[in-house]
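Heavy atoms only: backbone and side chains are in, while hydrogens, waters and symmetry mates are out. Just follow the structure's listing: the first ligand is 1, and inside any ligand the first atom is 1.
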Amino acid sequence: MDKRSVRDLELRGKKVLVRVDFNVPVRDGEVTDDTRIRRALPTIRHLLDQGARVALVSHLGRPKGEPDPRYSMDPVARRLEELLGEPVRKLDVAVGPEVERALEETEGGVVLLENSRFYPGETKNDPEFAAALAAPFDLYVNDAFGAAHRAHATTVGVAERLPAAAGFLLEEELDYLDGVLRSPERPFVAILGGAKVSDKLGVIERLLEVADRLLVGGAMCFTFLKAKGLGVGDSLVEDDYLGEARRLMEEAADRLVLPVDVVVAERMEEGAETRTVGVEEIPAGWMGLDIGPRTVELFRRHILEARTIFWNGPMGVFEIDAFARGTEGVARSVAESGATSVVGGGDSVAAVRKLGLEDRMSHISTGGGASLEYVEGRELPGVAVLPERGEV
Ligand code: ADP
Ligand code: MG
C-alpha cells in the first residue's frame with residue numbers, strides 16, 4: 001500500500017484520534033460478534049506501546065443524528081476493555097471539552113468516544129463538526145475499512161484537518177484486495193453469489209477483466225439462466241438486467257461458469273419440500289434457493305485449481321439448513337484449496353464463520369460494501385483522503 005501508515009508516525013506523547021469500525025451487532029446490551037473489535041487491536045496496541053494518547057471513534061447502527069441509547073457505545077466499551085486488557089474510558093460525547101480532559105487524565109488506557117452518528121454533522125461531513133472532532137488531537141489514524149466508502153466527518157473531514165495515516169487493518173484490507181485485483185497468482189477464480197445482480201453488476205464486470213473463472217451462484221445466477229432462455233420458475237430474477245447479463249455472458253464466454261443444477265422449493269422456509277433439478281428443468285411455481293450437488297462438484301474442481309480466490313455472496317439461502325449445502329460446499333473447497341483466499345460481504349463472512357472455517361481463509365474482509373466498491377474500481381473517500389507515503 002502506498003498510503004502513509006501508522007508505522008510512519010512519530011507517536012510519543014501525541015494525541016491520536018483513531019477512526020475504528022466498531023459497528024458491531026449488539027443484543028440486550030451485549031456485543032454478539034466482536035470480530036471488528038478484535039481486528040482493531042493491533043493498531044490500538046501499537047499506539048499505546050509507542051506512548052500515544054489514544055481516543056477511538058466509530059459509528060454504531062443507524063441512529064438519526066441524535067443521541068439514542070439503543071446505539072450507545074457502552075456495550076462496545078465493556079468488550080473492548082476485556083479484549084484489550086487496559087482501561088477503557090467511555091465518554092457520552094464525541095466532541096467538546098470532556099474529550100480534551102479525558103485525554104489529559106487517561107494514562108495507559110484508551111478513551112472511547114460516543115457514537116459519531118449521534119451528531120447530524122457526521123454523515124453530512126459537516127466542516128464545523130469535523131473541526132470540533134479534530135480540535136483536541138495531533139494526529140488521525142483511519143483503521144475503519146468498513147466505513148471507508150463513506151465520505152463522513154470521521155472518515156474524511158477529520159483526515160483533512162490533521163496529519164493522517166492508515167492503521168494496520170486498513171492497510172491489510174487494501175493490500176489483500178490490491179493483490180487479488182492487480183497481481184493475482186493464476187488461476188484466479190472469483191466466486192459471486194448473494195441476492196441481487198444489480199448491486200453487483202459493476203463487480204462482475206470488473207472481475208471478468210481480471211479473473212480466469214467467475215463462478216456464479218446465489219440468486220443472481222437466475223438472471224443469467226433466464227437470459228440464456230431457460231425457465232427459472234419463481235426464482236428471484238431482475239428482469240431489467242437480462243440484456244446486461246446476456247452481454248456479459250457473450251464477452252466472458254467460458255470464463256463465466258453457471259450452475260448446472262439447483263435446489264428448488266415452492267416456499268423459502270424451513271421444512272419446505274425441496275427437489276434437486278437440472279437448470280433446464282426448474283418447474284413453474286418453484287424457486288431456486290441453492291446450487292445443487294453437481295454444481296458444488298463443478299465449482300469445487302475450479303476452486304481446487306485456483307491459486308487466488310475472491311469470494312462474495314452465499315450460494316443459496318444459507319440461513320435455512322435445507323439451502324445451505326451449496327455455500328457449505330464452496331466454503332469447504334475454498335478452505336482446502338491452499339489458494340490465497342479473500343472473502344468479503346457480511347453474509348458470506350457470516351456463513352464462513354458459522355462453518356468454523358474463518359481461520360482457513362487468508363483474509364476475511366471487515367467491510368462488505370467497502371470491499372465491493374473497491375473491487376468495482378471505485379475510489380474509497382476515506383482512503384483517497386489519506387496522504388501518500390512520503391507526502392508531508
Ligand atoms: P453478502 O452480504 O455476502 O454481500 P448478499 O447480501 O448479496 O451477500 O446476499 C446474501 C443473501 O442472499 C442471503 O440472505 C441469502 O439468503 C440470499 N440468497 C442467496 N441465494 C439466494 C437465492 N437463490 N434466492 C434468494 N435469496 C438468496
Ligand atoms: Mg448482505
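For atom 7 (O) of ligand 1, the nearest non-hydrogen atom of the protein is Lys200 NZ, 2.7 Å. For atom 27 (C) of ligand 1, the closest heavy atom belonging to the protein is Val317 CG2, 3.6 Å. Nearest protein neighbour of atom 24 (N) of ligand 1, counting heavy atoms only, is Ala219 CB, 3.6 Å. Ranking protein heavy atoms by distance to atom 12 (O) of ligand 1, first place goes to Ala195 N, 3.3 Å. With respect to atom 6 (O) of ligand 1, the closest heavy atom belonging to the protein is Asp347 OD2, 3.0 Å.
Below 3.5 Å of separation, one finds an N or O of Gly288 facing an N or O of ligand 1. Ligand 1 has no nitrogen or oxygen under 3.5 angstrom from a nitrogen or oxygen of Leu372. The shortest N or O to N or O distance between Ser348 and ligand 1 is under 3.5 Å.
Looking at Glu319 against ligand 1, only its side chain comes within 4.0 Å, counting heavy atoms. Of the heavy atoms in Met287, none comes closer than 4.0 Å to ligand 1.
Per-residue contacts place Gly345 under 4.0 angstrom from the following atoms of ligand 1 (heavy atoms of the residue considered): 1 (P), 2 (O), 3 (O), 4 (O). When each atom of ligand 1 is checked for a heavy atom of Gly313 under 4.0 Å away, the hits are 3 (O), 8 (O). Within the listing of ligand 1, atoms 4 (O) sit less than 4.0 angstrom from a heavy atom of Asn312. Close approach to Phe222 involves these atoms of ligand 1, each under 4.0 Å from a residue heavy atom: 23 (N).
Within 6.0 Å of atom CD in Glu269, more than 12 heavy atoms from other residues, nucleotides or ligands are found, so the atom counts as buried in its surroundings. Within 6.0 Å of CG on Asp359 lie no more than 12 heavy atoms contributed by other residues, nucleotides or ligands. With a 6.0 Å radius and a threshold of 12 heavy atoms from other residues, nucleotides or ligands, Lys354 has its NZ atom above the threshold. More than 12 heavy atoms of other residues, nucleotides or ligands sit less than 6.0 Å from atom NZ of Lys15. In Glu379, the CD atom is not crowded: 12 or fewer heavy atoms of neighbouring residues, nucleotides or ligands sit closer than 6.0 Å. In this structure, Arg79 places its CZ atom where more than 12 heavy-atom neighbours from other residues, nucleotides or ligands lie under 6.0 Å away.
Side chain of Ser58 to backbone of Val20: a donor-acceptor contact under 3.5 angstrom is found. Checking side-chain atoms of Tyr119 against main-chain N and O of Ala94 turns up a donor-acceptor pair under 3.5 Å.
Closest heavy-atom approach to atom 18 (N) of ligand 1 among the candidates Gly218, Gly316, Pro314: Gly316.
Contact analysis leaves Met220 out of contact with ligand 1, as no non-hydrogen atom separation drops below 4.0 angstrom. The shortest heavy-atom distance from Gly368 to ligand 1 is not under 4.0 Å. At a 4.0 Å cut-off, not a single heavy atom of Phe323 sits close enough to ligand 1 to count as contact.
A salt bridge between Arg36 and Glu173 is absent, with no side-chain N of the basic residue lying under 4.0 Å from a carboxylate O of the acidic one.
Note on ring orientation: taking the six-membered ring where Trp is involved, the planes of Phe145 and Tyr374 are perpendicular (angle over 60°, cut-offs 30° and 60°). Using bins of under 30°, 30° to 60° and over 60° for the plane-to-plane angle, the ring pair Tyr176/His363 lands in the parallel bin.
Taken from CD1 in Ile37 to CG in Asp21, the straight-line distance is 10.0 Å, to the nearest 0.5 Å. In this structure, CE in Met268 is found 5.5 Å from CE in Met287, a value given to the nearest 0.5 Å.
Within a radius of less than 2.8 Å around the Mg ion (ligand 2), the protein N, O or S atoms are Asp347 OD2.
Contact between Ile303 and Ser337 at its shortest, heavy atoms only, is O-CB, 3.6 Å. Across every non-hydrogen atom of Tyr140 and Leu386, the tightest pair is CE2-CD2, 4.4 Å.
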